[in-house]
Number of protein chains: 2
Amino acid sequence: MTQNLTINSALTQAEKVCTRRGLSLTPMRRRVLELLLTAGAPVKAYDLLSSLKPGGGAQPPTVYRALDFLTAAGLAHKVEALNAYMACVRGDECGGAELYICEGCGAVTERHTSPVPTETPSGFQVDRSVIEHYGRCAQCAQS
Amino acid sequence: MTQNLTINSALTQAEKVCTRRGLSLTPMRRRVLELLLTAGAPVKAYDLLSSLKPGGGAQPPTVYRALDFLTAAGLAHKVEALNAYMACVRGDECGGAELYICEGCGAVTERHTSPVPTETPSGFQVDRSVIEHYGRCAQCAQS
DNA sequence: TTTAGTAATGTTATAATGTTGCATTCGCTA
DNA sequence: TAGCGAATGCAACATTATAACATTACTAAA
């Protein structure tokens with residue numbers, strides 16, 4: 001139940017974020033976000049699709065459009081190297097996150113660090129960054 | 001011709017790297033690496049496939065196997081967010097690179113920085129990192 | 001020289017992921 | 001209530017990647 005509370009409050013906050021920004025969190029979009037929140041881990045688009053099936057056979061574009069909306073709104077991230085999607089832990093003003101993905105248990109830790117001070121080529125203007133670290137979390141590293 | 005010289009020397013070095021490590025840079029693998037070097041930019045697997053066709057119709061597994069070998073050997077990188085592949089500028093002991101990808105002209109700058117000092121979750125052991133920055137290079141930023 | 005073993009490649013089919021284009025619905029508002 | 005725009009439904013298709021098995025080529029041992 002604690003988990004449900006968390007998910008519900010995340011959804012409520014997502015509503016607020018959208019309202020404030022003139023976006024509309026429609027039932028479909030909300031449903032997809034809920035699935036991502038419930039999973040608590042990266043989910044593949046076609047798995048979301050399967051979850052949506054019972055009670056209205058959704059088609060690929062439906063899911064991809066919802067995901068596009070959610071990622072554009074900063075409510076979700078795409079995990080590029082997994083072709084998967086996850087809810088942003090921080091449903092607001094998220095300008096890109098740094099992900100630590102455990103290949104043992106699938107858990108993902110998200111960090112919103114300030115831009116990493118790297119050796120950027122002279123004059124290069126960064127729009128968005130994909131930063132994904134793959135390895136083993138503390139628990140899985142032991143076994 | 002300068003370009004050809006560069007490519008040839010890169011191939012020669014790749015041979016050496018493989019030999020030293022007990023790997024074999026077969027003709028097919030070498031050919032794919034050559035295509036990546038020639039392109040000088042990320043190339044899609046099926047584009048490589050097309051390039052290989054004239055003179056022996058290659059099938060997808062052929063290309064993907066060559067790419068798997070090259071990436072495992074550190075001779076090439078996969079650009080995750082583009083589903084594309086590129087030769088590593090540094091054909092040796094490459095343990096992952098940081099990529100700056102211009103969305104204007106497609107050019108990619110590669111950096112081999114020391115591990116970025118970030119807020120790693122406690123106990124998390126990083127195996128490999130995907131770091132891709134998307135934006136505009138100095139030239140393209142102006143227009 | 002044969003024989004077995006292994007790594008690499010060929011071949012066919014299919015799975016997984018993502019997009020295009022157009023029709024339909026729904027709420028708004030003029 | 002007519003028209004508009006945003007969202008969704010829907011069918012087809014395009015792209016990316018893998019599975020499964022056959023074949024070849026090279027090596028090494030008998």
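Letters A, B, ... mirror the listed sequences (proteins, then strands); counts begin at 1. Side chains are part of it too, since the values below use all heavy atoms of this structure and drop only hydrogens, waters and symmetry mates.
Phosphate contact (OP1/OP2 of D:dA6, side-chain N/O of A:S24, threshold under 4.0 Å): absent. Contact check, B:N83 against D:dT15: no side-chain N or O comes under 4.0 Å of OP1 or OP2. Phosphate contact (OP1/OP2 of D:dA17, side-chain N/O of B:Y64, threshold under 4.0 Å): present. For B:K44 and D:dT16, the shortest distance from a side-chain N or O to OP1 or OP2 is below 4.0 Å.
Take A:L11 and apply the side-chain contact (heavy atoms from CB on, under 4.5 Å) test, not counting sequence neighbours, and it matches A:I7, A:N8, A:R30, A:L33, A:E34, A:L37. For A:A138, the side-chain contact (heavy atoms from CB on, under 4.5 Å) test picks out no residue, with sequence neighbours left out. Residues satisfying the salt bridge (charged side-chain N to carboxylate O under 4.0 Å, His left out) criterion with B:R128, sequence neighbours excluded, are absent altogether. Partners of A:S24 under the side-chain contact (heavy atoms from CB on, under 4.5 Å) rule, at least two apart in sequence or in another chain, are A:T26, A:R29. Partners of B:D47 under the side-chain contact (heavy atoms from CB on, under 4.5 Å) rule, at least two apart in sequence or in another chain, are B:V43, B:K44.
To the nearest angstrom, C1' of D:dT15 lies 14 Å from CG of B:L82. For B:D68 and D:dT16, the CG to P distance is 16 Å, given to the nearest whole Å. The nearest whole Å value for the distance from the CG atom in B:L67 to the P atom in D:dT18 is 10 Å. Between A:L48 atom CG and C:dG18 atom P there is a gap of 11 Å when expressed in whole angstrom units. Across the protein-nucleic acid pair, A:R31 atom CZ and D:dA7 atom C1' stand 16 Å apart, rounded to whole Å.
Across all strands shown, A:Y85 has heavy atoms under 4.0 Å from sugar-phosphate atoms exclusively, and none from any base.
Residue B:H133 holds its NE2 atom at 14.5 Å from CD of A:Q125, rounded to the nearest 0.5 Å.
Chaining together hydrophobic side chains whose heavy atoms lie under 4.5 Å apart places B:Y100 alongside A:F124, A:V126.
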Could you pull out every donor-acceptor pair under 3.5 Å between side chains of residues 72-88 of chain A and any protein atom, sequence neighbours left out?
{"from": "A:H77", "atom 1": "NE2", "to": "A:E110", "atom 2": "OE2", "distance (Å)": "2.7"}

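A donor-acceptor pair shorter than 3.5 Å cannot be found between the side chains of B:H112 and B:E98.
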Report all interatomic pairs (protein N or O, nucleotide N or O of nucleotides 9-15 of chain C) with separations under 3.5 Å.
{"from": "C:dT9", "atom 1": "OP1", "to": "B:T26", "atom 2": "OG1", "distance (Å)": "2.4"}
{"from": "C:dG10", "atom 1": "OP2", "to": "B:T62", "atom 2": "OG1", "distance (Å)": "3.3"}
{"from": "C:dG10", "atom 1": "N7", "to": "B:R65", "atom 2": "NH2", "distance (Å)": "2.7"}
{"from": "C:dG10", "atom 1": "O6", "to": "B:R65", "atom 2": "NH1", "distance (Å)": "3.2"}

Would you tabulate the pairs of protein nitrogen or oxygen atoms and nucleotide nitrogen or oxygen atoms of nucleotides 24-29 of chain D closer than 3.5 angstrom?
none

